[in-house]
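First up is the structure itself, then whatever we jot down about it.
Heavy-atom basis, side chains included; hydrogens, waters and symmetry copies ignored. Residue numbers run from 1 in the order of the sequence given. Bear in mind the structure is a predicted one, so any value in this text is a computation, not a measurement.
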Amino acid sequence: MLVAIKLIIADDNSFIREGLNIILSTYEEFEVLVLVNDGDEAVEYCKNHDVDIALLDVRMPRMNGVEATKQIVDTTGTKPVILTTFDDDEYILGAIKNGAKGYLLKNNDPERIRDALKSVYYGTSIIQDEMLDKLKSSLSNNEQVAEVKIDTSLFTKRELEIMAFIAKGYSNKEIAEHMYISGGTVANYITTILGKTGLKHRTQIAVYYLTGKVY
């Protein structure tokens, strides 16, 4: 029997909110529990209900998606995913720092959103290639950030290879195929990298590898 992934949708635009509800409700993998108007309502609902994923807009009244992400991560077991039309670097880094498990643009095809949410539910953090590319471009033009380097002595050659693949947006399966190792071995390496860096998930590894900073 299929166990539906329990979602909430937080967006102050009723058209987008209802549209997402209609789209996601067509997939048997999801159960949309509630639609809310802002981050504050999202946080309160997650505190009082069993929610797998909170789909959050960035710009909302009372509490934005970045702050809601922090509070949801700090107080619940819900996985926040940012879904937005805004791809500003500030929001990307803020959401990652606060523990967002995914960051997607609203102009994605429904199937891509579905696949991303399923990946997050099963433990993989998602950040779109377009956002990683924009982040790379922004950081390469920032001299202050460019001066920060990863201390490669902390990591083995294999760990550095895996970090590079993660920064390019590769999934564990794709990394395993490229490196001719098992998916379980990739997961073990990632666990070791997280332990060495104090990071919480693979999206933070990508940003760390690109910037040398722990967000």
Side-chain angles (χ1 to χ4, degrees), residues 1-135 169 171 201-203:
M1 181 178 177
L2 179 68
V3 177
I5 300 169
K6 297 177 182 178
L7 305 171
I8 69 166
I9 299 171
D11 198 305
D12 61 322
N13 185 316
S14 60
F15 179 78
I16 293 174
R17 194 170 62 235
E18 294 292 345
L20 285 170
N21 180 37
I22 292 171
I23 290 170
L24 294 176
S25 294
T26 63
Y27 297 115
E28 61 179 1
E29 299 101 318
F30 303 124
E31 178 186 356
V32 179
L33 300 176
V34 71
L35 311 180
V36 298
N37 297 298
D38 56 52
D40 188 58
E41 292 180 13
V43 172
E44 286 306 309
Y45 191 90
C46 289
K47 284 181 178 179
N48 294 292
H49 299 82
D50 182 19
V51 181
D52 296 314
I53 295 176
L55 198 53
L56 308 169
D57 185 28
V58 166
R59 296 189 178 184
M60 296 184 288
R62 294 206 294 170
M63 184 187 297
N64 65 34
V66 176
E67 176 58 28
T69 292
K70 185 178 189 309
Q71 293 199 27
I72 288 171
V73 169
D74 287 347
T75 60
T76 77
T78 303
K79 298 178 178 180
V81 173
I82 299 292
L83 185 64
T84 183
T85 56
F86 301 96
D87 59 347
D88 307 63
D89 303 339
E90 174 187 352
Y91 290 121
I92 298 173
L93 292 176
I96 292 170
K97 181 179 180 180
N98 286 351
K101 303 301 183 184
Y103 204 112
L104 302 168
L105 294 175
K106 289 179 180 175
N107 62 1
N108 277 302
D109 292 334
E111 291 78 12
R112 188 172 186 183
I113 294 175
R114 176 196 63 188
D115 291 344
L117 293 177
K118 288 173 65 178
S119 293
V120 167
Y121 177 75
Y122 289 112
T124 301
S125 298
I126 299 295
I127 183 168
Q128 284 188 226
D129 293 341
E130 297 92 328
M131 293 183 172
L132 279 176
D133 290 341
K134 189 174 189 298
L135 191 58
S171 67
H201 54 77
R202 68 197 322 275
T203 302

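Checked against side chain to side chain contact (heavy atoms under 4.5 Å, CB included), Asp38 has the following partners two or more places apart in sequence or in another chain: Asp40, Glu41, Met60, Pro61, Arg62. Residues satisfying the side chain to side chain donor-acceptor pair (under 3.5 Å) test with Asn64, not counting sequence neighbours, are none. In terms of the side chain to side chain donor-acceptor pair (under 3.5 Å) criterion, residue partners of Ser125 (sequence neighbours excluded) are, by chain and number, His201. By the salt bridge (Lys or Arg N to Asp or Glu O under 4.0 Å) test, Asp50 is found to be paired with Lys6, residues two or more places apart in sequence or in another chain being considered. For Lys47, there are no side chain to side chain donor-acceptor pair (under 3.5 Å) partners at least two apart in sequence or on another chain. Under the rule for a side chain to side chain donor-acceptor pair (under 3.5 Å), the partners of Lys70 that lie at least two apart in sequence or sit in another chain are Asp74. Evaluation of the side chain to side chain contact (heavy atoms under 4.5 Å, CB included) rule for Ala54 yields Ile8, Cys46, Leu56, Ile72, Thr78 as partners, not counting sequence neighbours.
Residue pairs meeting the ring-ring contact (aromatic ring centres under 6.0 Å, His included) criterion with at least one member in residues 33-59, sequence neighbours excluded, are Tyr45-His49. Screening residues 13-24 for side-chain hydrogen bond (donor to acceptor under 3.5 Å, both in side chains) gives Arg17-Asn37, Asn21-Ser25 as the qualifying pairs, with residues at least two apart or on separate chains.
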Could you go through the side-chain contact (heavy atoms from CB on, under 4.5 Å) check for Val73 and Asn98 one step at a time?
-> CA-CA 8 Å; Val73 169; Asn98 286 351; over 6 Å; no
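Rounded to the nearest 0.5 angstrom, Tyr103 OH and Thr69 OG1 are separated by 9.0 Å. Atom NZ of Lys106 and atom CD1 of Ile113 lie 10.0 Å apart (nearest 0.5 Å). Atom CG of Leu104 and atom CD1 of Ile126 lie 7.5 Å apart (nearest 0.5 Å). Taking CD1 of Ile96 as the start and CD1 of Ile82 as the end, the distance is 10.5 Å to the nearest 0.5 Å. Here the straight-line distance linking atom CG of Leu83 with atom CD1 of Ile53 works out to 11.5 Å at 0.5 Å rounding. Here Glu29 contributes atom CD and Arg114 contributes atom CZ; the two are 5.5 Å apart, rounded to the nearest 0.5 Å.
A heavy-atom distance below 4.5 Å is not found between the side chains of Ile5 and Leu117. Val51 is not listed as a side-chain neighbour of Thr76, based on a closest heavy-atom distance of 4.5 Å or more. Using a 4.5 Å heavy-atom threshold, the side chains of Ile16 and Asp57 count as separate. When side chains are defined from C-beta on, Lys101 does not count as touching Thr203, because their heavy atoms never get closer than 4.5 Å.
Nearest heavy-atom pair, Pro110 versus Ile23, reported as atom, atom and distance to 0.1 Å: CB-CG2, 3.6 Å. Closest of all the heavy-atom pairs between Gly99 and Pro80 is O-CD, 4.2 Å.
In terms of modelled atom types and a separation under 3.5 Å, the side chain of Asn108 and the main chain of Leu105 share a donor-acceptor contact.
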